[in-house]
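Here's the structure we're looking at; comments come further down.
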Amino acid sequence: MPIRVYNTLTRTKEDFRTISPGKVGIYLCGPTVYKEAHIGHMVGPVIFDTIKRYLAYNRFEVTWVVNITDVDDKLIAQSRVRGIPMSQIATEMTMDYCANLMALGVDQITHMPKATEHIDDIITFIRNLIERDYAYESEGDVFFAVGKDSEYGKLSNRRPEEQAGMGGDAASKKRAPGDFALWKEAKPNEPSWPSPWGNGRPGWHIECSAMSHKILGNSFDIHGGGLDLIFPHHENEVAQSECCHNLPMARYWMHNGLLRSGEAGKVGGRATSEANSQSNIEPTTQKMSRSEGAGGLRGLIERLGGERIRFYLLRTHYRSTIVFSEERVAEASGALEKFYLFFERYQRVTKQPFYHASGQISGMAPRFRDHQQSYTGNSSLLTEVDRLRGDFLRKMDDDFNTGAAMSDLFQLLTALNRFADENNLEDEQTSNTALGDFRTGVETLRELAYLLGLFIKPPVRASEEPEGDLADSLVRLLINLRNEARRNKNFDTADQIRDSLTDMGIILEDAQGTTRWRSE
RNA sequence: GGCGGCGUAGCCAAGUGGUAAGGCGGAAGUCUGCAAAACUUCUAUGCGUCGGUUCAAUUCCGACCGCCGCCUCCA
């Protein structure tokens, strides 16, 4: 069974076939770095990070490019408002963006090209389009002539004449209102670069065509982005690139669904006047800040933990809308706790920490799909593990259905817990066979979770916790007092101690003759 | 108006032309002094409404209702 991918271009699921055997080039449209990232900006990176992991697991050599657009009208406007150079804002916001990516476990990006570092490539690209008569200069601006491209509209399924608006601010310079800017003449005090058409800067769209071409070539395998980019951004990209190179730009166009805040409206989107006039809904931007609370995305990540957010995003199919609110994430995270508790159990059983110091799974778990794991023997556990692994991979094969695949991860967890129960693995003397099967099962769990980017590093705990030696000593002291009371059958006192601790968020667990504690 | 998406249990969410994964929550049970954790069982005669095709539809087709996105610079 090949991997199947939904292609926006054909609006069907297609078998995944690469242009070069064994190699995959992915281009994902990244942010315009004019303000801090919000949670909606993380959806694409998280799903494509997962896709890259999965393709690599299937022995593809993947190059994944995420661009940074660091020159743009909004950046210039911000620069004016804040009175600092555009480049400084761009640098700040790029770092903010990257920090957020790391917190969500997005660490698979191969290249992050910046538009301002590819001005030459952009100019060459535009010059090429002019030579081929797909673009024209007009008073220092350069426009793409949409009418020259017979295929224009194929991605968004629109007819050019239907979508052409009024032409915007530059309408008077355009031959047709649907034409879009490739190059914009610099206004006084704007950042600019010299070009054959005078000082100016690139339009939107063009940087993606130029940089994807530079890094991935004339044709590459996957082009991704949010659904909202299909038009005009991607439509214009295909038009530019294909007119320039006379080759298909990308084989598969993959678009992720958008995030909406729990209340209403799209997170980070434009506030539409209709939506706001029909109810008491506040402008969308406010809703976004409300949904992220104090401190924006950084604060959100600090409060919830990056892994919970990633888990939440991957529970839903990537093409669906995700309704996001802090409460919903917190609610859904109960499921993750089961895994965390299990990893502690794993450590009690094997006397080894679940998480590897390096954060890498190589050497401990198979990294590729085709590894020859022996699930042989008559162990019912391994038979089940093998089955669940197969189910998981089949679901991932089908357009990266992470939400469905997760069900197998949960079933795997249950199977392992059941096995540990039945075989009393936490007792001192357990059979090596059972222990071996258990380890194999856990390594499979780790292998699959790795594909989703989960359970690679210990979770950064969300809330402030009574961690540390002092807290531990104090809790241990109370536990000892309580156990003394229990030995004397003084259960009232024992329960009083436990209840008080519970009120403070400390859970006690009596097991195997000892008492453990953890915080909620 | 054009293009596109969605509507599955209290909540979240997969999915299939043959009779509904999984998670949260809830109920009961095993274990425990009692709990916690873990495990077991149960929790949608039903997949927006109404028609149609079919031996059979939640799944295909049509209409309708409701929600949402894009239509020149939002990931």
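Labels below follow one simple rule: chain letters A, B, ... track the order of the sequence lines, proteins then strands, and each chain is numbered from 1. What you see is a predicted model, and the numbers here were worked out from it, not measured in a lab.
For A:Arg11, there are no salt bridge (Lys or Arg N to Asp or Glu O under 4.0 Å) partners two or more places apart in sequence or in a different chain.
Taking every side-chain heavy atom of A:Thr32 into account, B:rA75 is the closest of B:rG23, B:rA36, B:rA75.
Using a 4.0 Å cut-off between charged side-chain N and carboxylate O, A:Glu384 and A:Arg418 make a salt bridge. A salt bridge is absent between A:Lys395 and A:Asp398: the closest approach of a Lys/Arg side-chain nitrogen to an acidic carboxylate oxygen does not fall below 4.0 angstrom. Residues A:Arg201 and A:Asp73 are paired through a salt bridge, judged by an N-O separation under 4.0 Å between the basic side chain and the carboxylate. Classification of A:Asp149 and A:Lys154 as a salt-bridged pair fails, no side-chain N sitting under 4.0 Å from a carboxylate O.
No donor-acceptor pair closer than 3.5 Å links the side chain of A:His111 to the backbone N or O of A:Pro113. Counting only distance, with no hydrogens or angles, the side chain of A:Thr414 and the backbone of A:Phe410 share a donor-acceptor pair below 3.5 Å. A:Asn7 places no side-chain N or O within 3.5 Å of a backbone atom of A:Thr12 that could act as its donor or acceptor partner.
Applying a 4.0 Å cut-off to non-hydrogen atoms, the residues of residues 409-423 of chain A that approach RNA chain B are A:Phe410, A:Gln411, A:Thr414, A:Asn417, A:Arg418, A:Asp421, listed by residue number. For the contact set between residues 104-115 of chain A and RNA chain B, defined by any heavy atom under 4.0 Å, there are no members.
The pairing partner recorded for B:rC50 is B:rG62, the criterion being a Watson-Crick or G-U wobble arrangement whose two distances lie under 3.5 angstrom. With a cut-off of 3.5 Å on both Watson-Crick or G-U wobble distances, the partner of B:rG17 is given as none.
The separation between A:Asp408 atom CG and B:rG23 atom C1' is 13 Å, rounded to whole Å. Rounded to whole Å, atom P of B:rG4 lies 15 Å from atom NE2 of A:His255.
Within 4.0 Å (heavy atoms only), A:Leu227 reaches no atom of the nucleic acid at all. Heavy atoms of A:Arg348 sit nowhere under 4.0 angstrom from any nucleic acid atom.
The CG atom of A:Asn417 lies 11.0 Å from the CD atom of A:Glu422; values are rounded to the nearest 0.5 Å.
Applying the 3.5 Å distance criterion, the base of B:rC3 shares no donor-acceptor pair with the side chain of A:Arg159.
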